[in-house]
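Structure record follows, encoded as structure tokens.
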Amino acid sequence: MKRVSMKNIASLSGVSRTVVSRVLNNKADEYRISKDTKNKILKLAKKLKYQPNQLALALKLGRTNTIGLIVSDITNPFFSTIAKCIEDFLNRANYSLIICNSNEKCEKETEYISLLKQKNVDGIIISPTQNSSDGIKELLHERYPFVLIDRCFQKMDTNCVTVDNRKGAYDLTKYLIDRGHCFVAHIAGIKKTYTASERLKGYKQALKENGLKYRKKLVKHTDFSIEEGYKAARDLLSGKTEKATAIFCANNKLTIGALQAVSNMKLKIPDDIEIVGFDEINLYRLFTFPFAFIQQPAEEMGKRASEILLEQLKNKDSHKFKQTILKTKLICIE
Ligand code: RIB
């Protein structure tokens, strides 16, 4: 079906294309166009299902008012919360959002970056996978507006919004040590991912500062899935390695997997084992056994990343980038 144009509406309503354009761009009052003419044009546009030509608009305005978001795992409630918050913030600023999921795959992320550029999005917010620095370097080189969220590349000067992962991990490990545990294991997530490596550093720092030996056999590098959390916890609790009496899980999905393993192995919390995890899941607050987690300010992260990107769009020539580090909160359930 042929697209309805402003020219069609003009000839059918007996006014000039300019008058139609002014009405459809909400400028009828500014140009003192009569209410009758305005209502006649709006009624006709609705009847003919008129849609503005986005491509023509983009060429005329030099922008599409569209932002791309690439998250690394859309099935993770942490990222879906961030995506929702970014969408709400940008919609209020008259921007549309295209949400992409890289599923922790660098190749997929690279494909999505080029797709979003082909769609001429005005900017991109990315939670990068652990090997995607080349794609990010290209965006930097092209001066394409973007902001990293949740994860960043320490050797790269970019705008990014993260939390103090090391402190959060330190607090969780210290919580377990203060409860008398000397064999604290760690299910660490995807090696070299910014969040995983910072959380591992916080775990090591807490052991060291409390006189406990770092035992490599008590650290399991996994991905960020429930299944891997389950397998890692099962191995740590089956006595194949030095017996862990407590486990710190690097994120929400790993924690769920570890708790499933504890349940399937008929172990009791806290008698046989204690589990703590990074990220919050609402169900945690229903637990009736001692538990602790780190609450990440996901909404605030989404809002700040959106603000920084829109600021960057306003001042395209400025190349002052910064890392915004938000605080986490240790929540203990006794
Ligand atoms: O569950 C989400 C968290 O785990 C994020 O910080 C992400 O980077 C992963 O580490």
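Counting starts at 1 for both ligands and their atoms, following the listed order. All figures in this text were calculated on a predicted structure; none of them were measured in a lab.
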Does ligand 1 have any atom sitting under 4.0 Å from a heavy atom of Y194? no
Would you call K253 and E227 a salt bridge, taking side-chain N to carboxylate O under 4.0 Å as the test? no
If hydrogens are left out, which of T328, L254, D150, T255 has an atom nearest to atom 5 (C) of ligand 1, that is, the closest non-hydrogen atom? D150
Suppose I only count heavy atoms of T195 and a 4.0 Å limit; which atoms of ligand 1 are within that range? 6 (O), 7 (C), 8 (O), 9 (C), 10 (O)
Using a 3.5 Å cut-off on N or O atoms only, is N165 in polar contact with ligand 1? no
N252-ligand 1 polar pair, N/O distance under 3.5 Å: yes
Evaluate the salt bridge (Lys or Arg N to Asp or Glu O under 4.0 Å) criterion for residues R92 and D88: first the C-alpha distance (whole Å), next the side-chain angles of each, then the deciding distance (0.1 Å), finally the verdict. CA-CA 6 Å; R92 285 195 296 274; D88 291 347; 5.2 Å; no
Winner among T193, D279, I149 once heavy atoms are compared against atom 1 (O) of ligand 1: D279
Give the atoms of ligand 1, by number and element, whose distance to some non-hydrogen atom of F78 is under 4.0 Å. 1 (O), 2 (C), 5 (C)
Pair K201, E198 - check salt bridge (Lys or Arg N to Asp or Glu O under 4.0 Å), show working. CA-CA 5 Å; K201 287 173 192 165; E198 286 296 298; 3.0 Å; yes
Which of the numbered atoms in ligand 1 are under 4.0 angstrom from any heavy atom belonging to N76? 1 (O), 2 (C)
Passing option when I70 is tested against T110, I126, I99 for side-chain contact (heavy atoms from CB on, under 4.5 Å): I126
With heavy atoms and a 4.0 Å threshold, my read on which part of Q296 contacts ligand 1 is side chain
With respect to atom 9 (C) of ligand 1, which of Q130, K253, R151 exhibits the smallest heavy-atom separation? R151
For the pair E138 and K117, find out whether any cationic side-chain nitrogen is under 4.0 Å from an anionic carboxylate oxygen. yes
Is there a ring-ring contact (aromatic ring centres under 6.0 Å, His included) between F291 and Y284 once you walk through the steps? CA-CA 8 Å; F291 182 75; Y284 286 168; 4.7 Å; yes
Side chain, backbone, both or neither: F278 near ligand 1, heavy atoms under 4.0 Å: neither
Compare all side-chain heavy atoms of I269 with those of F287 and state whether any distance is below 4.5 angstrom. no
Regarding R304 and E300, does a basic nitrogen lie under 4.0 Å from an acidic carboxylate oxygen? yes
Find all atoms of ligand 1 within a distance of less than 4.0 Å from any non-hydrogen atom belonging to R199, and give their numbers and elements. 3 (C), 4 (O), 5 (C), 6 (O), 9 (C), 10 (O)
